[in-house]
*Asks:* 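Before anything else, here's the structure in question.
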2 protein chains.
Amino acid sequence: MSQRNTDATVRVVDAHPCPVREVLDRVAGKWSVQILVAASHGPMRFTELERGIDGISRRMLTLTLRNLERDGLVTRTVHPTVPPRVEYGLTPMALELPGTLQRLTDWAERNRGHIAKARAAYDAEHRPELLDA
Amino acid sequence: MSQRNTDATVRVVDAHPCPVREVLDRVAGKWSVQILVAASHGPMRFTELERGIDGISRRMLTLTLRNLERDGLVTRTVHPTVPPRVEYGLTPMALELPGTLQRLTDWAERNRGHIAKARAAYDAEHRPELLDA
DNA sequence: CGGGATCCTTGACGATACTG
DNA sequence: CAGTATCGTCAAGGATCCCG
């Protein structure tokens, strides 16, 4: 139970997992959120996404889009022109996500400092080896 | 940038990542959320957590707790008794998380059916090999 | 009771190259 | 333009055993 399946192929049917995990399995991939956010203001072309999301590779963009499409979060529309034009948009249920994720963003920005300090303190205490660099 | 580091040891300092990713890197681990939820109603002992979280191994419980502690989300209190008694509680900033995560839970439960259907449809269309079992 | 040490499998992701 | 194919790396997480 609980798989992410970006590269891989599906295994079995999930039983009845924790619903929070269900969302996370869908959204926690390294690029999913950025794709959802990028496409939340209207459909985007493949290359637009590629340019808009810094550091993403063609491969990961394709894979992540396919997974989002498979889960019904993203729609893929091919315009049969030359050169081809493919647009990715969000489905209604996916459009609700960026707003919800915003709360997490806020939490992160509020507590970013605390976390950094906590890490430094913990490492100084329990990880002497890490004090070089 | 953007690492999860459950097993591993830290690498470098993150630059200035997307804040959403920052939260997810902390919380998207397979067990983190369940631990946070379990401990949100008051401190829990190691064995209580182990029994309360279905399917978790001793190893992953320890590792995940250590990471949460390192990030300042969980406090670890050792009572020097015999036998030892160790309690894990949430820090103030961590206590805000379960409430926030609730919104994702709600989204998941509302759309669980849609997603399942979308998957089935997608697989039927694009993954003929999977139609056995 | 509350861990730590070790071994292993699998899957996420990156780099590079090729294509209708 | 919008992908696919292939190869390699590395970390997440499971299984098992040992310890103060």
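On a predicted model such as this, the values are computed, not experimentally measured, just so you know. Worth knowing before you read on, the calculation uses all heavy atoms, side chains too, and leaves out hydrogens, waters and symmetry mates.
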*Asks:* Give a yes/no on whether any side-chain N or O of B:Arg76 is located under 4.0 angstrom from OP1 or OP2 of C:dG3.
*Replies:* yes
*Asks:* Figure out the NZ/P separation between A:Lys30 and D:dA11, and round it to whole Å.
*Replies:* 12 Å
*Asks:* For the CZ atom of A:Arg26 and the CG atom of A:Asp71, what is their distance to the nearest 0.5 Å?
*Replies:* 4.5 Å
*Asks:* Tell me the closest heavy-atom pair linking B:Pro43 and B:Glu48, and the distance in Å.
*Replies:* O-OE1, 4.4 Å
*Asks:* The side chain of B:Val86 is closest to which nucleotide in this list: C:dC13, C:dG2, D:dC1?
*Replies:* C:dG2
*Asks:* Where the side chain of B:Met60 is defined as all heavy atoms beyond and including C-beta, which of C:dG14, D:dG3, D:dG14 is the nearest nucleotide?
*Replies:* D:dG14
*Asks:* In whole angstrom, what separates B:Leu24's CG from D:dA12's P?
*Replies:* 15 Å
*Asks:* Taking atom P of D:dC1 as reference, at what distance in whole Å does atom CZ of A:Arg85 sit?
*Replies:* 11 Å
*Asks:* Round to a whole Å and report the spacing from CG of B:Leu61 to C1' of C:dG2.
*Replies:* 10 Å
*Asks:* List the atom of B:Leu68, the atom of B:Ile35, and the distance in Å for their closest heavy-atom pair.
*Replies:* CD1-CG2, 3.9 Å
*Asks:* If I take atom CG in residue A:Leu63 and atom P in nucleotide C:dG11, what distance separates them, rounded to the nearest angstrom?
*Replies:* 14 Å
*Asks:* Could you tell me how far apart B:Arg58 (CZ) and D:dT16 (C1') are, to the nearest whole angstrom?
*Replies:* 12 Å
*Asks:* Do the side-chain N or O atoms of B:Arg45 get closer than 4.0 angstrom to the phosphate oxygens (OP1, OP2) of C:dG2?
*Replies:* yes
*Asks:* Check whether any side-chain nitrogen or oxygen of B:Arg66 sits under 4.0 Å from OP1 or OP2 of C:dG4, and answer yes or no.
*Replies:* yes
*Asks:* Report yes if a side-chain nitrogen or oxygen of A:Tyr88 is closer than 4.0 Å to either non-bridging phosphate oxygen (OP1 or OP2) of D:dG3; otherwise report no.
*Replies:* yes
*Asks:* Can you tell which of D:dG14, D:dG3, C:dG14 lies closest to the side chain of B:Ser57?
*Replies:* D:dG14
*Asks:* Without decimals, in angstroms, what is the distance between B:Asp54 CG and D:dG14 P?
*Replies:* 12 Å
*Asks:* Which pair of non-hydrogen atoms, one from A:Arg21 and one from B:Ala28, has the smallest distance, and what is that distance?
*Replies:* NH2-O, 3.3 Å
*Asks:* Locate the shortest heavy-atom distance separating A:Leu90 from A:Ser40; write the atom from each residue and the value.
*Replies:* CD1-CA, 3.8 Å
*Asks:* If you pin B:Leu65 and A:Ile56 to their nearest nucleotides in DNA chain C, which one's is more 5'?
*Replies:* B:Leu65
*Asks:* C:dG3, OP1 or OP2 - any side-chain N/O from B:Thr62 closer than 4.0 Å?
*Replies:* no
*Asks:* Provide, to the nearest angstrom, the distance between the CZ atom belonging to A:Arg21 and the P atom belonging to D:dA12.
*Replies:* 13 Å
*Asks:* Any donor-acceptor pair under 3.5 Å between the side chain of B:Arg59 and the base of D:dG13?
*Replies:* yes
*Asks:* Looking only at side-chain atoms of A:Thr47, point me to the closest of C:dG2, C:dC1, D:dA2.
*Replies:* D:dA2
